[in-house]
Amino acid sequence: MNMYGSKVVGWGAALPDEVVTNKDFEARLETNDAWITERTGIKERRMGGTTSSLAVEAAQKALANAGLQPSDIGLLVLSTTTPEQTVPATSGTIQAQLGLTCGAFDINAACAGFVYGLVVGHSMIATGTERVLVIGSDTLSKITDQQDRSTAVLFADGAGAVILERTAPEDNAVLGWDLGVDGSLVPILYCDHGGYLKMEGREVFKRAVLAMVSSAKTAMERAGVTADDIALVVPHQANIRIIEAANNRLGLSMEKTAIVLDTTGNTSSGSVPLALSAAVEKGMVNPGEYILFSGFGAGMTWASAVVRWGK
Ligand code: ACO
């Protein structure tokens with residue numbers, strides 16, 4: 001058994017102010033609201049801010065939500081696929097702006113990155129760190145060709161954060177997880193330095209469903225729970241049809257699934273914690289109930305985790 005367990009004690013989210021609707025794309029691209037809505041479920045998204053500014057806002061909300069001070073945080077893990085510079089890591093900028101005094105590093109597992117970060121945070125707590133701030137923040141609009149209808153309508157900006165806190169091993173709430181990558185699939189979704197995201201949409205779609213289903217099953221098995229035990233599903237917010245297809249295969253209902261993609265688009269690392277915050281605000285999960293987190297992304301990466309909710 002680990003020396004310690006961990007539990008979520010705070011959460012927060014941040015979105016830029018500028019709303020870009022499907023209608024806005026109609027005006028400048030060969031696309032329309034009906035196509036975007038039917039194929040993706042997205043109606044509008046937010047664009048603007050920077051990876052660090054959105055991260056700082058989300059983290060400040062999480063600190064306030066947990067009733068904690070910056071000095072209470074023992075480690076910052078930033079998941080991002082849109083760092084502000086090649087060197088140094090964006091987590092350092094965020095650490096300074098938040099007034100943290102702890103260590104900080106970036107991880108990049110694309111849209112699966114937040115769940116990777118959650119598991120890394122849990123692991124650091126298991127070996128003694130008292131509290132870990134895990135942030136997912138991305139500004140995909142900056143690496144998206146706004147003239148390419150196949151990607152422009154999908155990708156947007158946003159951030160979310162959670163704070164994990166040390167508990168006795170018997171109170172541990174991060175119960176089971178699965179992390180993976182298939183590096184042979186780099187060519188189906190990538191972005192070169194200084195370039196834009198390139199994607200084989202149909203292939204990513206198929207692989208995403210397969211990855212989410214097998215990863216979620218593995219995480220549930222390791223946590224010792226079944227689909228019937230899950231009160232809330234928090235999937236990566238890429239496309240409503242991917243979520244529906246995965247849920248069908250897993251025996252999970254859409255009613256207990258957190259959905260924000262209709263108003264946020266795909267915010268990569270921001271997506272899962274944004275959806276979590278919205279679901280918690282709506283009262284979709286109660287203390288003691290199980291949440292299934294599940295993400296997939298460029299790499300292709302995937303990550304799932306089962307967490308017992310509670311404050
Ligand atoms: N408006 C109108 N038509 C469009 C648009 C658009 N915005 N985009 C593509 N089309 C066209 C295509 O050109 C194609 O036309 P053609 O048949 O004449 O060639 C037609 O619509 C159908 O295209 P498909 O790619 O087959 O459409 P599909 O139903 O697969 O939907 C989509 C496309 C939405 C991209 C879907 O494949 C998808 O969501 N894939 C997964 C993408 C994803 O999740 N990526 C993120 C991964 S996470 C990360 O790490 C960033």
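Order of appearance sets the numbers: ligands from 1, and atoms from 1 within every ligand.
In this structure, atom 1 (N) of ligand 1 is in close contact with the protein, since a protein heavy atom lies within 4.0 Å of it. For atom 48 (S) of ligand 1, the nearest protein heavy atom is under 4.0 Å away. Counting protein heavy atoms under 4.0 angstrom from atom 43 (C) of ligand 1 gives one or more. By the definition of a contact as any protein heavy atom under 4.0 Å away, atom 40 (N) of ligand 1 is in contact. Within a 4.0 Å radius of atom 9 (C) of ligand 1, the protein has at least one heavy atom.
In summary, of the residues considered (Phe293, Trp177, Tyr116), a ring-ring contact (aromatic ring centres under 6.0 Å, His included) with His122 occurs for Trp177 alone.
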| request: Just do the side-chain hydrogen bond (donor to acceptor under 3.5 Å, both in side chains) check on Asp138 and Ser268 with the steps written out, would you? | output: CA-CA 6 Å; Asp138 266 309; Ser268 193; 3.2 Å; yes
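From the protein, the heavy atom lying nearest to atom 46 (C) of ligand 1 is Asn266 ND2, 3.5 Å. Of the protein's non-hydrogen atoms, Arg39 NH1, 3.5 Å is the one closest to atom 28 (P) of ligand 1. For atom 51 (C) of ligand 1, the nearest non-hydrogen atom of the protein is Cys111 SG, 3.2 Å.
Under 3.5 Å, the side chains of Thr226 and Asp228 contain no donor-acceptor pair of N or O atoms. One side chain, Asn108 or Thr81, offers a donor N or O that lies under 3.5 Å from an acceptor on the other. If you check the side chains of Thr82 and Thr51, you find a donor sitting under 3.5 Å from an acceptor. Between Thr257 and Asn247, the side chains place a donor N or O and an acceptor N or O closer than 3.5 Å (distance only, hydrogens not considered). A donor-acceptor pair shorter than 3.5 Å cannot be found between the side chains of Thr267 and Gln237. Under 3.5 Å, the side chains of Asp178 and Thr218 contain no donor-acceptor pair of N or O atoms. In this model, no donor atom of one side chain and acceptor atom of the other lie less than 3.5 Å apart for Ser269 and Thr80. Looking only at atom types and distance, the side chain of Thr93 has no donor-acceptor partner in the side chain of Thr90 under 3.5 Å away.
For the pair Arg166 and Tyr4, the cation-pi test (distance below 6.0 Å, angle within 45°) is passed.
Residue Phe155 approaches ligand 1 through these ligand atoms, each under 4.0 Å from one of its heavy atoms: 46 (C), 51 (C). Listed by number with element, the atoms of ligand 1 under 4.0 angstrom from any heavy atom of Phe296 are 44 (O), 47 (C), 48 (S). Near Ile242, meaning under 4.0 Å from any of its heavy atoms, are these atoms of ligand 1: 41 (C), 44 (O). Listed by number with element, the atoms of ligand 1 under 4.0 Å from a non-hydrogen atom of Gly297 are 48 (S), 49 (C), 50 (O). Residue contact check: Thr31 has heavy atoms under 4.0 Å from atoms 1 (N), 2 (C), 6 (C), 7 (N) of ligand 1. Near Ala110, with a cut-off below 4.0 Å to any heavy atom, the atoms of ligand 1 are 50 (O). Proximity to Ser150 (heavy-atom distance under 4.0 Å) selects the following atoms of ligand 1: 8 (N).
Within the 4.0 Å heavy-atom criterion, the part of Trp35 lying near ligand 1 is the side chain and not the backbone. Residue-level proximity to ligand 1 for Ala238 is carried by the side chain, the only part with a heavy atom below 4.0 angstrom. At a heavy-atom distance under 4.0 Å, no atom of Leu29 approaches ligand 1. Counting heavy atoms under 4.0 Å from ligand 1, residue Thr81 does not touch it at all. Under 4.0 angstrom from ligand 1, the non-hydrogen atoms of Thr40 all belong to its side chain. By the criterion of a heavy-atom distance under 4.0 Å, neither the backbone nor the side chain of Asn32 is placed next to ligand 1.
We find that Lys206 and Glu203 are joined by a salt bridge, their nearest charged nitrogen and carboxylate oxygen being less than 4.0 Å apart. Ion pairing between Asp33 and Lys43 holds under the 4.0 Å rule for side-chain N and carboxylate O.
The N/O atoms of Asn239, backbone and side chain alike, include one that comes under 3.5 Å of an N/O atom in ligand 1. Looking at His236 next to ligand 1, no N or O pair under 3.5 Å apart turns up. For a threshold of 3.5 Å applied to N or O pairs, the pair formed by Arg149 and ligand 1 contains at least one separation below that value. The shortest N or O to N or O distance between Ala298 and ligand 1 is below 3.5 Å. Taking only nitrogen or oxygen atoms, main chain and side chain alike, Gly201 reaches within less than 3.5 Å of ligand 1.
Closest heavy-atom contact between Arg308 and Gly288: CG-O, 3.5 Å.
The shortest distance between side-chain heavy atoms of Ile94 and Gln97 does not fall below 4.5 Å. Looking at heavy atoms from C-beta onward, Asn266 lies in side-chain contact with Leu140 at the 4.5 angstrom threshold. Looking at Met212 and Ser215, their side chains never come closer than 4.5 Å, going by heavy atoms from C-beta outward.
Residue Ala208 places every heavy atom at 4.0 Å or more from ligand 1. In this structure, Phe25 falls outside the shell of residues with a heavy atom less than 4.0 angstrom from ligand 1. Residue-ligand proximity: Thr301 is placed with every non-hydrogen atom at 4.0 Å or more from ligand 1.
Comparing Arg202, Arg241, Met300, Met199 by heavy-atom distance to atom 35 (C) of ligand 1, the nearest is Met199.
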